[in-house]
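What follows is a single structure, written as structure tokens, with notes after it.
Lettering follows sequence order; numbering is per chain, from 1.
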Number of protein chains: 2
Amino acid sequence: MASVKRKPGPAELLVLEDFLPYRLSVLSNRVSGAIAARYAKAFALSIPEWRVIAVLGRRPGLTATEVAEATEMDKVAVSRAVARLVAAKRVAAQADARDARRQRLTLTREGESVHARIAPMALESEQRLLSALTVRERADLNALLDRLLIAARNL
Amino acid sequence: MASVKRKPGPAELLVLEDFLPYRLSVLSNRVSGAIAARYAKAFALSIPEWRVIAVLGRRPGLTATEVAEATEMDKVAVSRAVARLVAAKRVAAQADARDARRQRLTLTREGESVHARIAPMALESEQRLLSALTVRERADLNALLDRLLIAARNL
DNA sequence: TGGATTTAGTTTCATCTGCAACCAATGGCA
DNA sequence: TGCCATTGGTTGCAGATGAAACTAAATCCA
């Protein structure tokens, strides 16, 4: 009530550089950008395509819808990524016997090869980033991210 | 050497859901998406526009290039966001007296008003997200993000 | 059965994005 | 001074993106 300081107002409180959503966006862009640049050049692969390959590498036979769920991409993005990968003979699609609408997706031999070569690159980049943290801090980070991911889902 | 288990191979090691760049991307998208949805509806404002307003609110008189540095957006994005904001009479641009190429950017009264109304909304969303964490954890998170942001810059 | 509803996936369209080319003003320097 | 390189900012174009409409197949249920 007796405060003589100039009124704070909302502007004072919101500092973009300290704003968590902004910081997350910058970090994510830097990381994804750096990694994507590496394999975009080496393999002519976009981020959506790379995600599809990553998930099919571990879980062959998923349908496009399942891939969309697993990667949190929307189905249009998956549809297009799959179309490009099929055109490039990196992914094979065969209709499900029971449901002709579904396409069972698998990596071709070529797709497997891409996967086998990119995965180590990606993991190496991740390690490079994580090398800024101690083992303990990495565990803390993962725990925090788990909780933030859940909280963010309910925003 | 005597291992009988099937060979691990790179595929086994890369689990998309545990891959830090992927997790950051999902988290950032969820958070930004949720917040952007709120003010996009309320104020017809895109994320780039909102960032420009946020930074000009605290630091009036920046040039477009300076805004680009402050927001980590590229100059094309800033140029277009500023053009829209000027058209909407939310930002005023006046040529720098010393250098006719530069535009000194400031919020108009209308722009200030938008800023004053959005900032609390944004901060409230941030708080909602952070309410999943203890005060101590928030500090840890920020420290970790600081270091990751630096590490990511040198990727 | 046979329509009405739901689901899988694609296409369309309108918008967004970013690189590269560009224009204009400035600064460097011979 | 006058030319060249640099910088601030915009524009053109080509590819990416997402919502909504659409096609086709499967399921529901009277």
Side-chain angles (χ1 to χ4, degrees), chain A residues 25-26 28-30 32-37 39-41 43-52 55-56 61-88 91-106, chain B residues 25-26 28-30 32-37 39-41 44-52 55-56 59 61-88 91-106:
Chain A
S25 170
V26 170
S28 175
N29 287 342
R30 281 188 194 168
S32 291
I35 298 182
Y39 57 67
K41 302 248 176 197
F43 299 99
L45 211 62
S46 69
I47 290 182
E49 285 164 32
W50 143 243
R51 286 186 178 178
V52 170
V55 89
L56 289 181
L62 293 188
T63 65
T65 300
E66 290 163 344
V67 169
E69 283 162 11
T71 56
E72 300 228 1
M73 302 195 290
D74 77 51
K75 63 180 188 166
V76 176
V78 172
S79 172
R80 289 197 259 242
V82 167
R84 281 191 298 265
L85 289 168
V86 168
V91 164
Q94 67 169 2
D96 184 300
R98 302 199 176 157
D99 185 338
R101 292 170 306 180
R102 298 182 180 210
Q103 305 267 321
R104 294 284 157 196
L105 303 171
T106 49
Chain B
S25 171
V26 170
S28 175
N29 287 343
R30 283 188 192 167
S32 291
I35 297 181
Y39 57 66
K41 303 248 174 196
L45 210 62
S46 68
I47 290 182
E49 286 164 34
W50 143 243
R51 286 185 179 177
V52 170
V55 89
L56 289 180
R59 303 168 59 191
L62 294 187
T63 64
T65 300
E66 289 162 345
V67 170
E69 284 162 9
T71 56
E72 299 229 2
M73 302 194 292
D74 78 51
K75 62 179 188 167
V76 176
V78 172
S79 173
R80 289 198 259 242
V82 167
R84 281 192 297 266
L85 289 168
V86 168
V91 163
Q94 66 169 4
D96 185 299
R98 303 202 176 155
D99 185 339
R101 292 169 305 180
R102 298 181 181 212
Q103 304 267 321
R104 294 284 157 197
L105 303 171
T106 49

For the pair made of [atom1] in [X] and [atom2] in [N], what is the distance, rounded to whole Å?
| X | N | atom1 | atom2 | answer |
| --- | --- | --- | --- | --- |
| B/Arg51 | C/dT17 | CZ | C1' | 14 Å |
| A/Met73 | C/dT10 | CE | P | 13 Å |
| B/Leu105 | D/dT10 | CG | C1' | 14 Å |
| B/Asp96 | D/dG8 | CG | P | 11 Å |
| B/Glu49 | C/dC16 | CD | C1' | 12 Å |
| A/Ile47 | C/dT17 | CD1 | P | 15 Å |
| B/Lys75 | D/dT11 | NZ | P | 13 Å |
| B/Glu69 | D/dG9 | CD | P | 10 Å |

With a 4.0 Å cut-off on heavy atoms, is B/Ser46 in touch with a base, just the backbone sugar-phosphate, or nothing at all? nothing
Heavy atoms under 4.0 Å, any strand shown: does B/Arg84 hit a base, just sugar-phosphate, or nothing? nothing
Assign each of A/Ala77 and A/Asp99 the nucleotide of DNA chain D bearing its closest heavy atom; nearer the 5' end lies the nucleotide of A/Ala77
Can you name the nearest heavy-atom pair linking A/Ser32 to A/Ile47, along with the distance? CB-CD1, 4.3 Å
Closest approach of B/Val78 and B/Ala64, non-hydrogen atoms and distance? CG1-O, 3.6 Å
Pair A/Asp99 + A/Arg101, salt bridge at N-O below 4.0 Å: yes
Do NZ/NE/NH1/NH2 and the carboxylate oxygens of B/Glu66 and B/Arg59 come within less than 4.0 Å? no
Check whether the side chain of B/Arg101 and the base of C/dG27 form a donor-acceptor pair under 3.5 Å. no
Under 3.5 Å, is there any donor-acceptor pair linking the side chain of B/Arg80 to the base of C/dG18? yes
Would you indicate, yes or no, if D/dG8 has its OP1 or OP2 atom less than 4.0 angstrom from a side-chain nitrogen or oxygen of B/Thr63? no
Is there a side-chain contact between B/Ser79 and the phosphate of D/dT10, meaning an N or O under 4.0 Å from OP1 or OP2? yes
We want to know whether A/Ser46 and A/Arg80 form a side-chain donor-acceptor pair, criterion being a heavy-atom distance below 3.5 angstrom. no
Please determine, for the side chain of [X], which listed nucleotide ([options]) has the closest atom?
| X | options | value |
| --- | --- | --- |
| B/Thr65 | C/dG18, D/dT11, D/dG8 | D/dG8 |
| B/Ala100 | C/dA8, C/dT26, C/dG18 | C/dT26 |
| B/Pro48 | D/dG9, C/dA8, C/dT17 | C/dT17 |
| A/Val76 | D/dG9, D/dA19, C/dA8 | D/dA19 |

